[in-house]
Number of protein chains: 2
Amino acid sequence: MDQNKIPQATAKRLPLYYRFLNNLNQQGKRRVSSKELSEAVKVDSATIRRDFSYFGALGKKGYGYNVEYLLGFFRSTLDQHEVTEVALIGAGNLGTAFLKYSFLKNNNIRITKAFDADASKVGKDIDGVPIYHVDDIEKELDNIRVVILTVPASEAEEIAERLVKEGVNGILNFTPARITVPSHVRVHHIDLAVELQSLVYFLKHYPLEVE
Amino acid sequence: MDQNKIPQATAKRLPLYYRFLNNLNQQGKRRVSSKELSEAVKVDSATIRRDFSYFGALGKKGYGYNVEYLLGFFRSTLDQHEVTEVALIGAGNLGTAFLKYSFLKNNNIRITKAFDADASKVGKDIDGVPIYHVDDIEKELDNIRVVILTVPASEAEEIAERLVKEGVNGILNFTPARITVPSHVRVHHIDLAVELQSLVYFLKHYPLEVE
DNA sequence: AAAAAGTCGTGATATTTTTCACAAATTAAT
DNA sequence: ATTAATTTGTGAAAAATATCACGACTTTTT
Ligand SMILES: NC(=O)c1ccc[n+]([C@@H]2O[C@H](COP(=O)([O-])OP(=O)(O)OC[C@H]3O[C@@H](n4cnc5c(N)ncnc54)[C@H](O)[C@@H]3O)[C@@H](O)[C@H]2O)c1
Ligand SMILES: NC(=O)c1ccc[n+]([C@@H]2O[C@H](COP(=O)([O-])OP(=O)(O)OC[C@H]3O[C@@H](n4cnc5c(N)ncnc54)[C@H](O)[C@@H]3O)[C@@H](O)[C@H]2O)c1
């Protein structure tokens with residue numbers, strides 16, 4: 001809760017910057033300008049400079065930014081030095097894809113437990129992540145605070161309520177259901193059907209710029 | 001290109017409204033107020049009324065909105081009367097989850113073709129969607145204009161260029177790569193790692209309102 | 001028939017986000 | 001050394017988005 005003056009729009013871009021800085025660092029690049037970064041992440045360079053400026057003067061005029069320094073700065077700002085443990089509820093098609101993906105590569109996040117209602121899945125594991133029965137949420141969730149929700153929409157509300165009771169305060173919700181939670185809980189929706197639909201809408205109704 | 005004055009933020013919410021209206025209609029509800037809708041979709045009621053107002057006066061003072069009428073209106077606005085065909089490139093973990101999901105339920109969108117580089121997948125089908133070899137994009141894409149991209153990040157740029165050459169003008173990009181496309185092509189990024197990371201960031205750095 | 005309650009549509013205002021544009025500082029070139 | 005080229009950080013302006021608040025009209029209640 002140190003810097004609560006950082007705009008939400010900025011906060012959402014930080015992980016993106018971090019990833020690209022990581023790439024640059026691995027490529028052995030020592031310095032980078034907001035212009036170069038802009039081309040890579042497709043964000044206006046003035047916006048990038050503004051974003052960085054909320055954290056102080058991180059660059060040097062006429063030079064740009066030192067990759068290693070900036071990376072280090074964001075690593076601690078984004079708490080990348082410690083692993084964040086996350087649980088997943090609903091190891092179906094989408095959930096399984098997430099379980100097989102390693103968020104550890106660039107982000108220090110690991111899905112450590114999965115829960116499902118399907119007895120035939122319980123007790124097994126997917127890529128090393130054990131699957132528990134959903135009835136055991138209360139017993140097994142421990143102090144995990146962030147959850148990925150990939151259950152059928154009809155189950156979302158009830159599961160969310162149970163999660164909140166267990167102390168979860170962040171939910172990444174992939175179901176189409178808009179869940180109701182207390183105000184201290186943060187829910188981010190990723191609604192794939194809406195994304196697809198709105199892309200189609202934009203294509204049909206917005207004038208396409210031809211360069 | 002009829003109504004290009006509709007704000008992007010509004011356009012992104014339309015599919016959401018549409019889905020909830022569909023639900024209401026199936027439940028047999030005849031009328032709905034912006035307040036009710038607001039509670040369901042978690043968007044301020046004034047914002048909803050403003051959004052609707054871009055399309056004219058769709059409601060009635062003191063009454064609200066007629067569900068069937070509104071639904072019909074959005075159906076045609078969102079081109080839900082015709083099926084939009086979409087292709088998917090990269091039938092891996094994430095791609096397979098999408099192939100198994102039916103976007104037809106609420107949205108009139110269907111993934112009709114998939115492409116992959118893995119010879120062992122080519123020729124098969126997943127839930128009725130045939131998988132072609134990625135080398136046959138030029139031969140098989142036909143006049144599909146919208147593509148879901150779920151290949152490894154390293155392949156994204158090259159594939160995107162080929163797609164654009166074939167006339168694709170909408171790409172839903174799930175890879176972490178920020179692809180470069182001509183300005184007449186629209187790319188929507190869904191960056192799951194960034195979403196997860198930024199949720200974690202918010203939780204750690206933003207004051208949690210306790211109601 | 002009158003009063004009360006409900007609800008839209010929207011001008012006005014507030015908030016958030018993006019972009020412009022330039023002085024100041026630094027580096028690179030001559 | 002001087003000059004030219006870069007590039008930051010940021011005030012100011014613009015653009016986009018969200019919200020307030022109320023007149024006008026409709027429905028419901030008494
Ligand atoms: N797959 C996609 O491409 C896609 C696209 C858009 C939205 N979604 C949404 O994502 C969610 C998951 O989709 P999916 O395709 O993986 O579905 P799925 O049916 O494959 O998976 C759902 C999983 O949840 C489990 N489950 C059911 N009830 C449960 C409960 N009460 N507690 C815990 N687990 C429970 C099921 O056993 C199953 O494993 C759905 O809400 C769906 O609408 C998926
Ligand atoms: N699975 C996740 O949870 C997740 C999370 C975040 C991001 N992503 C991103 O989504 C993308 C797909 O992830 P995934 O987990 O499904 O990976 P995956 O490896 O399971 O699937 C990739 C698929 O693409 C195919 N492929 C490889 N090269 C190709 C080419 N040139 N043309 C066509 N197909 C090709 C592979 O054969 C494979 O089937 C990746 O870019 C990944 O970074 C995935």
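Because only heavy atoms are used, hydrogens play no part in the values below, and waters and symmetry mates are left out as well, while side chains stay in. All chains are named by letter (A, B, ...) in the order of the sequence lines, taking the proteins before the strands, and each is independently numbered beginning at 1.
- In this entry the distance linking CZ of R13(B) with P of dA16(D) reads 15 Å, nearest Å.
- Both cation-pi conditions hold for R31(B) and Y63(B): the charged atom is under 6.0 angstrom from the six-membered ring centre and inside a 45 degree cone around its axis.
- Distance, K60(B) NZ to dT28(D) C1': 14 Å, rounded to whole Å.
- Following rounding to the nearest Å, L37(A) (CG) and dT6(D) (P) show an atom-to-atom distance of 19 Å.
- For D44(B), counting side-chain heavy atoms from C-beta on, the closest listed nucleotide (dG9(D), dG11(D), dT19(D)) is dT19(D).
- Atom-to-atom, OH of Y65(A) to C1' of dT6(D) comes out at 13 Å; the value is rounded to the nearest Å.
- Taking the 5' to 3' direction, DNA chain C first and last meets chain A under 4.0 angstrom from a heavy atom at dT17(C) to dA28(C).
- Nucleotide dA16(D) holds its C1' atom 13 Å from the CZ atom of R50(B), rounded to whole Å.
- Spacing between atom CG of L70(A) and atom P of dT8(D) amounts to 11 Å, rounded to whole angstrom units.
- If you measure from atom CG of D51(B) to atom P of dA18(D), you get 8 Å, rounded to the nearest angstrom.
- Nucleotide dC25(D) holds its C1' atom 14 Å from the CZ atom of R49(B), rounded to whole Å.
- Between A46(A) and K61(A), the residue anchored nearer the 5' end of DNA chain C, judged by the nucleotide with its closest heavy atom, is A46(A).
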